[in-house]
Amino acid sequence: MNQNANRYLAEEKIGKLLLKFSIPCIMSLLVSALYNIVDQIFIGRGVGYLGNGATNVVFPITVISLAVALMLGDGCAAFLSLCQGKKDLKSANKSVGNAVSLLVLSGLVMTALFAIFKVQILNAFGATENNFAYANEYFNFIIIGIPFFVVGNGLNSIIRADGSPKFAMITTLVGCIINVILDPVAIFGLGWGMMGAALATITGQIVTAVCGIIYLTRAKAFKLDKKSFLLDGNIIRKFLPLGISSFLTQISIVVIMGVMNNVLVTYGARSKYGADIPLTVVGIVMKVFQIVVSVCIGIAAGSQPIIGYNYGAGEYKRVKELFGAIIKAEAVVGIVAMVLFEVFPLQITSIFGSEDGLYNEFAVMAFRVFLSMIVLTCIQKAASVFLQALGKPVMAMGLSLLRDFVLSVPFAIILPIFFGVEGALYSAPIADLGSAVAVVIMSAATLKELNAKAGENEIHETERAVA
């Protein structure tokens with residue numbers, strides 16, 4: 001274990017560092033998002049759109065599990081980077097060990113709770129009479145992999161903070177490749193349908209988790225022993241708040257999906273589209289949306305070790321430069337995504353299977369309306385992760401809650417009352433516009449603080465030079 005193992009984070013060119021850390025992080029998050037999308041593509045072609053609707057009903061439990069994994073993993077990663085900048089190796093070691101213990105425990109607890117409350121969960125997330133049997137079958141098997149899913153995703157954040165983003169990317173990629181290979185074999189070759197899709201996913205998750213556990217024995221900037229895994233309330237209170245923003249980002253997706261699924265079923269049944277078409281289509285839109293979110297969060301979260309290290313080391317000018325570079329990159333991603341969704345919605349929808357005219361009509365409308373302000377979404381997500389990396393969990397949490405809960409949920413409930421099922425689609429762009437104001441205010445305040453601290457550093461350096 002080398003105290004200066006990550007010193008290059010304060011010395012290397014920012015552009016080169018962002019490429020090194022963000023690209024593997026983007027790939028890791030994209031691969032995680034692709035687990036469910038791959039299932040949906042094969043299920044759509046092997047089972048039909050009712051099977052896809054069923055995966056949308058079960059998908060929230062995966063997001064809940066990811067929320068807990070990222071709360072622990074991202075929180076520990078942010079704290080680990082800050083400790084490395086301050087050269088506090090004892091706290092760094094203890095935080096990683098505690099995070100690993102909590103990842104294992106939380107995965108087991110969630111599996112038990114999901115099994116106990118299965119029927120209530122399926123009903124809460126909009127299962128219909130037509131897709132309930134498919135959702136029940138998929139649910140029964142997918143929960144088996146929850147502990148591995150939690151451990152694998154949580155450890156990936158820690159591995160990236162340890163300066164090994166490529167390893168984190170490769171372990172996730174291997175798991176996804178296994179899923180892609182086994183999906184058609186299980187669904188078409190063996191005829192296992194929903195069960196086959198779930199078992200293929202679980203196998204990939206197990207491989208990713210095992211690779212992450214192996215990495216713990218060869219880490220660069222921390223070293224674990226038996227005492228590291230003993231839960232320490234003081235350490236947990238330090239790193240857990242740093243992951244709250246990541247937790248809320250994911251949980252808000254669950255809340256939105258729960259609300260949206262029920263609204264779509266209720267108001268869709270009163271429209272020409274019926275209940276199942278809006279439920280299935282918006283589920284696809286949300287998962288495609290997750291791909292874009294994975295890219296924009298990957299850019300920001302990938303740079304988290306760089307931000308945290310430099311902030312902990314007092315390199316405030318460098319932190320400002322990082323923020324500017326990240327925002328520019330996020331804007332480019334958002335613009336490209338917006339163009340694709342506005343110009344090619346039907347082509348994107350067809351990837352998940354071809355259906356009739358009403359299905360396609362609603363799909364085109366959903367992509368063009370729901371994701372019309374995705375540029376602002378990308379910038380908001382980046383600002384939230386940036387604040388988290390600076391050790392400002394309250395501000396980061398505020399941004400996440402504002403866009404993904406305070407604004408999105410009420411509008412998703414209110415607008416359909418007046419405009420029918422189509423009204424639910426406008427909740428996202430309205431939330432994006434509202435949260436953009438908060439992003440500007442919080443970013444200005446943070447940059448002002450960084451300027452002040454950078455000025456103080458210059459004064460101290462001048463005084464030392466004179467002395």
Side-chain angles (χ1 to χ4, degrees), residues 36 40 43 49-67 110 113-114 116-139 142-143 194 248-290 293 352 355 358-359 361-363 365-367 369-371 401 403-432:
N36 288 284
Q40 192 141 21
I43 288 170
Y49 81 92
L50 288 177
N52 267 342
T55 65
N56 295 337
V57 172
V58 178
F59 184 57
I61 71 163
T62 301
V63 182
I64 292 170
S65 304
L66 181 61
M110 282 190 291
L113 291 175
F114 291 152
I116 293 169
F117 298 105
K118 176 181 67 175
V119 175
Q120 292 90 331
I121 291 170
L122 293 178
N123 288 331
F125 289 109
T128 67
E129 184 180 346
N130 294 327
N131 67 31
F132 188 89
Y134 293 119
N136 183 61
E137 181 182 358
Y138 191 68
F139 188 102
I142 207 71
I143 61 172
M194 302 297 288
L248 290 175
T249 296
Q250 299 298 323
I251 286 297
S252 62
I253 294 172
V254 176
V255 175
I256 292 170
M257 288 192 72
V259 171
M260 286 289 287
N261 284 358
N262 283 282
V263 165
L264 293 167
V265 168
T266 300
Y267 290 93
R270 303 174 189 174
S271 72
K272 63 181 179 180
Y273 304 108
D276 289 299
I277 286 177
L279 177 68
T280 302
V281 165
V282 173
I284 290 172
V285 172
M286 290 290 283
K287 288 181 181 177
V288 174
F289 171 67
Q290 278 295 97
V293 170
F352 299 88
E355 300 297 338
L358 281 176
Y359 181 94
E361 178 186 323
F362 192 85
M365 178 173 56
F367 270 102
V369 173
F370 195 80
L371 302 179
L401 280 176
R403 191 267 174 196
D404 297 326
F405 184 77
V406 175
L407 295 175
S408 291
V409 173
F411 280 113
I413 295 170
I414 294 169
L415 292 177
I417 297 174
F418 301 99
F419 304 105
V421 68
E422 294 90 343
L425 303 177
Y426 287 90
S427 60
I430 291 174
D432 286 327

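Positions are given from 1, in the same order as the sequence printed here. Model, not experiment: these values are computed from the prediction.
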Do [X] and [Y] have side chains that approach each other closer than 4.5 Å (heavy atoms only, starting at C-beta)?
X: Val281; Y: Tyr273; result: no
X: Val119; Y: Asn136; result: no
X: Leu407; Y: Arg403; result: no
X: Leu425; Y: Val285; result: no
X: Ser65; Y: Phe114; result: yes
X: Glu361; Y: Leu358; result: yes
X: Phe370; Y: Met286; result: yes
X: Phe59; Y: Phe125; result: no

When rounded to the nearest 0.5 angstrom, what is the spacing between [atom1] in [X] and [atom2] in [Y]?
X: Ile61; Y: Phe117; atom1: CD1; atom2: CZ; value: 14.0 Å
X: Tyr267; Y: Arg270; atom1: OH; atom2: CZ; value: 5.5 Å
X: Ile430; Y: Ile414; atom1: CD1; atom2: CD1; value: 10.0 Å
X: Leu264; Y: Thr280; atom1: CG; atom2: OG1; value: 10.0 Å

If you compare all heavy atoms of [X] against all heavy atoms of [Y], which two are closest, and at what distance to 0.1 Å?
X: Leu122; Y: Ala135; answer: CD2-CB, 4.1 Å
X: Ala431; Y: Ser408; answer: CB-OG, 3.3 Å
X: Ala412; Y: Ser427; answer: N-CB, 3.5 Å
X: Ile413; Y: Ile417; answer: O-CG1, 3.6 Å

(message) Using a 3.5 Å distance criterion without hydrogens, assess whether the side chain of Asn262 forms a donor-acceptor pair with backbone atoms of Ala124.
(response)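 It does hold such a pair.
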(message) Check whether Thr266 reaches the backbone of Val263 with its side chain - one donor and one acceptor, N or O, closer than 3.5 Å.
(response)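 Such a contact is absent between Thr266 side chain and Val263 backbone.
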(message) Please determine whether the number of non-hydrogen atoms from other residues, nucleotides or ligands lying under 6.0 Å from atom CZ of Phe132 exceeds 12.
(response)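 Counting neighbours around CZ of Phe132, more than 12 heavy atoms of other residues, nucleotides or ligands fall under 6.0 Å, so yes.
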